[in-house]
Structures are given as C-alpha cells and as structure tokens.
Number of protein chains: 2
Amino acid sequence: MNKNTAVTIKDIATALNLSASTVSRALRGMPEIHPETREAVLQLAQEMDYQPNQLAKNLAKSRTKTIGLILPTLSYHFFASMLNSIEEAAMQAGYSVVVCQTNESYLREVAQIQNLLNSQVEGVIMSLARDTNDFEHIYRLQRKNIPLVIFDRYSTAIDASRVIVDNREAAFKATQHLIENGCQRLGCLAGPPHLLISNERLQGFREALEHYGLTYNERYVFHSDFTQENTMMQALNMMALPTPPDGILTMTDRIAFATMYAFKQKGIRIPEDVAIVSFNNEPTCIYLSPSLTSVNQPIQEMGAQVVRLLLKQLENEAPVATETIVLSTQLMIRESSTTISKKV
Amino acid sequence: MNKNTAVTIKDIATALNLSASTVSRALRGMPEIHPETREAVLQLAQEMDYQPNQLAKNLAKSRTKTIGLILPTLSYHFFASMLNSIEEAAMQAGYSVVVCQTNESYLREVAQIQNLLNSQVEGVIMSLARDTNDFEHIYRLQRKNIPLVIFDRYSTAIDASRVIVDNREAAFKATQHLIENGCQRLGCLAGPPHLLISNERLQGFREALEHYGLTYNERYVFHSDFTQENTMMQALNMMALPTPPDGILTMTDRIAFATMYAFKQKGIRIPEDVAIVSFNNEPTCIYLSPSLTSVNQPIQEMGAQVVRLLLKQLENEAPVATETIVLSTQLMIRESSTTISKKV
DNA sequence: TTGTATGCGTTATCAT
DNA sequence: ATGATAACGCATACAA
C-alpha cells in the first residue's frame with residue numbers, strides 16, 4: 001500500500017492560485033520572487049509537508065549530482081572505511097554516492113556498472129573485484145565518457161585515474177622488518193595471482209629478500225582466494241614444507257586472521273615459531289593475541305584524493321589527463337612480528 | 001566533462017523511422033510488436049549501446065521499485081551482513097535497495113530519511129541510531145504512508161512492523177551460562193540507557209540472576225557509548241569495584257573487544273579472573289585469544305523476514321496490520337566463558 | 001502492429 | 001514579479 005497523495009508543486013500552485021513555475025522559483029529561493037509570495041509558498045509547502053521529487057528534478061536538469069561507488073565487499077573494514085571517507089568528501093562537494101558491492105564476482109561487477117549507468121550517475125569510483133579479469137565493461141563506461149577513478153585494486157589495462165599506495169615499497173618495508181627481526185626463511189601468503197596489487201606486494205617481498213641476500217623461492221609463495229577455509233589450507237601447506245618459514249608476509253589482514261587461527265589450532269606459535277606481518281591494519285589487529293603487525297593505508301587521504309580526481313574530471317569541460325596518486329603507508333609494528341616484547 | 005550524447009529511445013526511433021512508442025515496446029519485449037521490428041530495434045540498441053534512463057522510467061511509471069535501508073553504521077559486521085541479506089531478499093523480489101548510514105547520529109538519521117523520501121523509495125527498512133530519542137521524523141514517514149519495517153534497534157514508541165530477536169531470553173541464557181560455569185558476581189556492560197534492546201538484554205540479565213538466587217545490583221551495571229575509549233574506561237571502572245565481578249555480560253562484541261583489550265593491558269585474565277559473554281557473534285570472535293563466547297543472531301533469516309514484512313505492505317492495496325517477528329538466538333560457547341577447555 | 005497524444009514532477013526559456 | 005509553454009526520457013491510453 002502506498003501513498004497516492006504525494007504533494008507536488010502543482011498542488012501548492014493551485015492552492016495558492018499561482019503558477020507552477022512561480023512555486024518552483026519560490027521553493028528554490030530565486031531572487032525575483034516577491035517576498036510575500038515566497039513566504040506563502042514556503043509556509044504552505046511546510047504545512048502540506050511537500051517533498052521535492054528528486055527523480056523529476058534530476059530528469060529536468062539532466063543532472064544527478066550522484067557518483068557511483070563499486071566495492072568488492074563491505075565486510076572488509078578497509079572498504080567500509082573507504083566508503084565513509086569517500087562519502088564524506090563527496091558530500092562536501094555536493095555529491096551523493098550510491099554504493100554497490102560486487103562480492104568479488106566479475107558478473108556482479110558488470111551488472112552493477114550497468115545499474116549505475118542506468119541510474120545516471122555522473123561518475124564512478126571503483127576497486128576491482130577479485131574475479132575481474134576482463135575489462136570490457138569498464139571500457140564501455142569510458143566510451144560513454146563517464147569519469148572513472150580506481151583505487152586500491154586497479155589494473156594497468158585500464159587507463160583511468162587511480163589512487164593507490166606504493167605496494168611494492170610497503171611490502172619491501174614489511175619484509176625488511178621481518179628480516180631485521182631475525183627471520184631467515186620467509187614465506188608469502190599472497191592473494192589471487194591475477195590481482196595486480198598482490199603481485200606488486202609480492203614484488204616488494206622479493207626485492208627485500210634479494211636486497212638482504214636471501215634467496216627468493218617460489219615454493220615459499222602461496223596464493224589464497226581470500227576465503228577462510230582456503231587460506232587456512234594454504235597456510236598449513238606452507239608450514240608443512242620441509243623447512244617451513246619463520247616469517248610470513250600475508251597480503252591482507254583477513255588472510256592473516258585465518259592463518260593465525262589455523263596456526264593456533266596446530267599449536268604453531270606466533271611469533272616464536274613464525275612471525276607474521278600483514279596488510280590493511282583493520283581494527284581487529286590490535287585485539288588479537290598476539291596483536292598483528294600490519295601495513296596501514298591512509299584511508300582518509302585516499303578517499304579525499306579519489307574524490308578530488310573524480311571532481312576534476314566532472315567539473316572540467318575539456319577532457320582531463322588521467323592521473324595516478326601514489327600514497328605512502330605506515331607499518332604498524334605489533335606483537336606478531338616482534339619476539340622481544342610479549343607484554344601479556 | 002560528461003557525455004552530451006546519451007542515446008535515447010528517440011534516437012533509435014528516428015534512426016529506424018519508427019515512433020518512440022514502438023521502440024519502447026520493442027525494447028520491453030511487448031508481444032504486439034512485429035518480430036522483425038523488434039529485431040531491428042534490439043540490434044540497433046545494442047550497436048548504439050543504448051542505456052535506458054532509469055530516472056525517466058521511474059518518473060513515467062511513478063514507481064521506483066526501490067527500498068531505502070537506514071543503518072547505524074556499516075562498520076559493525078552485523079549491519080553489513082544485514083545489508084547483504086536484505087539486498088539478497090529484495091533483489092529476488094525485484095527491488096533494489098539504497099543504503100545510508102546514520103553514524104549513530106540522530107540528525108543524520110533525520111536527514112537520511114529526508115533523502116530517501118526525495119528519492120521516492122517505496123518503503124523503508126531501518127535500525128535506529130544510538131542517539132535517536134525523538135521519533136517525529138519516523139512519524140512523518142508514516143503519515144506519508146511509506147511502509148516501514150524496523151529491525152534490531154527498535155522502539156515501542158514506533159508502531160511499525162519489526163523483526164527482532166528475543167533479547168531478554170538471549171541475555172537470560174547467556175547469563176545462565178556464566179552462572180553455570182561458576183561465576184558468582186556478575187556484571188553487565190550495557191549500551192546507552194535509552195536503547196531499548198540494551199534494556200531488554202539487561203532485563204534478561206537481571207532475571208537470570210534472580211532466578212539463580214543471586215542479587216541484582218545496579219552498581220554492577222555500566223553503560224558504554226560503544227566507542228572504544230569509553231568502553232575501556234567503563235570496563236576498568238567495573239573491575240575497580242571493591243569486589244569486582246567474575247563474569248561479565250557485554251551487550252555487543254565491539255564492547256567485548258574493547259573490554260578484553262583493556263583487561264589484557266591490565267593483566268586481568270579471561271576467563272580465569274573474569275569470564276565474558278557477548279552479543280553478535282562477529283567473525284572476529286573466533287580469532288581472539290581467548291575466543292569470545294557470543295550470542296548469534298540469525299542474520300539470513302532476519303533479512304528475509306524484514307523484506308517479507310515490507311513486501312506485504314508494499315504489495316497490498318489495503319493497509320496491513322503491523323507485525324512483530326521474534327526470532328531466537330543461539331549462544332556460541334567459546335573460551336572466554338569456559339575455564340575447562342583452554343585448548344591452546 | 002504501429003503511431004499520436006498525454007502525463008510523470010520539475011526546471012528553464014520566453015513572454016508579459 | 002509572474003505565467004505559459006516546452007523539455008527531460010519514457011510509458012501508456014487511445015486511435016488508426
């Protein structure tokens with residue numbers, strides 16, 4: 001059952017013996033309206049509890065002031081936080097954002113882009129789904145000249161503005177930290193092989209090893225599909241190597257959580273048997289025992305930059321060159337990687 | 001910079017020397033259209049990469065097939081999961097959902113309802129913000145005959161369909177569990193005093209105490225505003241009582257996490273010194289050491305019921321009586337409340 | 001089977 | 001300062 005009685009501008013107009021255009025102008029506070037008329041309109045609007053119809057407004061102006069945000073999932077704290085930070089920045093610029101999750105599925109990503117297009121969003125911000133390997137849907141978006149900014153999970157196959165962190169450097173520093181804390185045999189629990197940022201982090205991992213004269217061995221690199229079960233299996237497989245690692249770099253906190261969980265069940269001690277360093281710095285990191293060392297990404301800054309780059313495209317008449325913003329990270333050192341201070 | 005060249009039905013029509021209505025019908029697969037015309041239209045639409053304008057569509061049909069979802073925050077796993085489960089159920093019924101967060105702020109809640117109204121959502125699903133004490137904005141919604149369903153954080157001051165769990169019983173069982181595991185002096189770390197579900201849980205806590213012949217003492221009840229700092233302070237204050245509790249019921253996992261964090265820093269052992277039982281069963285619960293005993297709410301079921309109740313109102317001509325669905329919960333017993341099996 | 005006319009609620013361009 | 005009219009893109013009642 002729905003209201004059949006939405007108050008419209010026309011209702012106010014006839015009630016006041018005015019034309020719709022006058023009411024419209026009064027409502028929007030245009031200067032040419034007589035104060036008395038304006039007052040009358042505003043008051044009646046209030047009394048009738050008039051709600052402007054955003055659909056009609058948008059259609060008439062051919063303008064929605066809305067941007068679409070496509071995220072892999074809101075269950076990761078990182079993405080939920082990015083949503084907040086993007087929404088904040090967008091709102092300040094007078095835009096609202098409509099969010100959709102892909103649940104890591106390529107098909108859903110395609111569908112969501114379709115939806116956003118139909119919803120007439122003026123621009124799109126996204127981070128790629130785990131399973132996205134083909135970019136035709138993105139190209140379509142671009143062919144329609146919809147401004148696009150990609151953050152975090154990007155692809156070099158897409159020519160769009162991006163906001164990322166220096167994954168290679170971050171992984172390098174994280175690995176360096178493990179080495180300097182005495183780890184000799186390092187393993188890496190990476191994400192799906194086709195995810196670019198996973199490879200960048202792997203690259204940083206490798207460079208750190210080589211920089212410190214350790215040999216990089218592919219057999220110490222395992223790939224997780226981000227699910228808990230798979231991650232636990234990969235982690236245990238790694239520890240079942242003839243000479244298991246004494247330090248592991250995991251690509252995300254979720255991977256680290258599952259790994260630590262698996263290790264706990266098997267009686268593998270952290271950091272005594274194996275140290276762990278991870279990525280994302282989710283709030284849960286500090287609650288674990290041992291607390292988890294993790295790379296922090298500047299979420300506020302990323303959100304602000306993402307929106308800034310999008311606005312640049314949105315508000316310029318002429319096409320704008322794509323831009324890549326690389327932000328730096330901070331390693332939050334905690335118990336999982338430091339044998340020294342087990343304070344508990 | 002934006003596309004000035006959105007392909008419309010009219011474009012297809014003139015290109016094919018047809019009328020707009022014919023194209024419209026062909027696009028929607030109406031039976032009365034000649035197969036050949038349909039083919040031609042469909043093909044050209046594809047070639048021109050035609051995107052239907054959802055705004056125009058909605059305006060023309062005075063129907064959006066959209067429901068609004070207002071959540072306190074997406075940072076709580078419970079709400080993020082509810083979003084997924086609601087979206088799933090809504091999609092199956094052909095509705096899409098637009099989400100907004102209040103960030104626990106009353107003012108934002110009011111504003112978000114305003115937005116949803118302007119966006120012409122056909123119905124609203126919500127869980128109240130922490131700070132919401134006044135319900136005029138909800139009443140306005142109802143005066144406009146917008147179907148409304150409230151879940152989890154509800155209020156008896158709002159006459160709307162709801163989907164909740166039996167908080168009193170859940171708290172009773174949780175408290176019972178603590179008592180049966182040997183706790184003698186129980187404390188409760190509740191949410192803000194005006195949150196109804198917090199009080200219901202407190203009621204269950206109290207009833208359990210009395211049922212087991214323990215005395216309920218208000219001095220063992222502390223209120224957290226859900227922030228980490230405040231929660232830590234309240235938790236430590238509780239343990240600073242002359243005779244601190246040996247068992248605590250916390251109202252949410254977030255409260256429990258912060259409490260455990262505070263206790264860890266102070267060297268207060270869980271469950272040896274004090275056992276903890278909580279609400280929400282976030283995934284993090286199993287990752288903690290000790291793992292956290294928590295009340296699980298049937299999120300899938302809740303989402304399905306919420307949507308079902310809303311659809312009932314949406315798809316009935318006549319007004320539908322409000323309904324309350326009370327679902328039952330399950331206590332997930334883990335290490336934080338059981339002295340027996342510290343497996344690690 | 002297809003076309004014409006009208007409407008959805010609002011804004012915008014001309015007039016007056 | 002206000003009104004009439006057209007337009008936004010699509011759907012639909014009515015004609016043909």
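In the text below, chain A, chain B and the rest are named by the order of the sequence lines, each starting its count at 1.
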With respect to the side chain of [X], which nucleotide from [options] is positioned closest?
| X | options | value |
| --- | --- | --- |
| A:S19 | D:dG3, C:dT10, D:dT12 | D:dG3 |
| B:L59 | C:dG3, D:dT5, D:dG9 | D:dG9 |
| B:A56 | D:dT2, C:dT4, D:dG9 | D:dG9 |
| A:A60 | C:dG9, C:dT13, C:dG7 | C:dG9 |
| A:K61 | C:dA12, C:dC8, D:dA11 | C:dA12 |
| B:S24 | D:dA4, D:dA11, D:dC10 | D:dA11 |
| A:N53 | C:dG9, D:dT2, C:dG3 | C:dG9 |
| A:T37 | D:dT2, D:dC10, C:dG9 | D:dT2 |

Report task. Give B:L18 one of three labels, base, sugar-phosphate or nothing, depending on what nucleic acid heavy atoms sit under 4.0 Å from its own. Result ->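 Contact class for B:L18: sugar-phosphate only.
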
Requested in this report: Classify the nucleic acid contact of A:R28 as base, sugar-phosphate or nothing, counting any heavy atom under 4.0 Å across all strands shown.
Outcome: sugar-phosphate

Could you tell me the separation between the [atom1] atom of [X] and the [atom2] atom of [N], rounded to a whole number of Å?
| X | N | atom1 | atom2 | value |
| --- | --- | --- | --- | --- |
| A:N118 | D:dG9 | CG | C1' | 13 Å |
| A:N58 | C:dT11 | CG | P | 10 Å |
| A:R25 | C:dT13 | CZ | C1' | 10 Å |
| B:K10 | D:dA11 | NZ | C1' | 13 Å |
| A:L27 | C:dT11 | CG | C1' | 12 Å |
| A:E32 | C:dT16 | CD | P | 18 Å |
| B:I33 | C:dT2 | CD1 | P | 5 Å |
| B:N17 | C:dT1 | CG | P | 20 Å |

Requested in this report: Please report the closest heavy-atom contact between A:S161 and A:A321, naming both atoms and the distance.
Outcome: OG-O, 4.4 Å

**Report entry** Residues B:R308, B:E301; criterion salt bridge (charged side-chain N to carboxylate O under 4.0 Å, His left out); working and verdict
**Finding:** CA-CA 10 Å; B:R308 188 179 65 76; B:E301 174 72 3; over 6 Å; no

**Report entry** Qualifying residue for salt bridge (charged side-chain N to carboxylate O under 4.0 Å, His left out) with A:E122, from A:R63, A:K65, A:K144
**Finding:** A:R63

Query raised in the report: With a 3.5 Å cut-off and no angle check, do the side chains of A:E109 and A:T132 form a donor-acceptor pair?
Result: yes

Query raised in the report: Can you find an N or O donor on one side and an acceptor on the other, under 3.5 Å apart, linking the side chain of A:S21 with the base of D:dA4?
Result: yes

Report task. Could you tell me whether the side chain of B:S75 reaches within less than 4.5 Å of the side chain of A:N84, counting heavy atoms only? Result -> yes

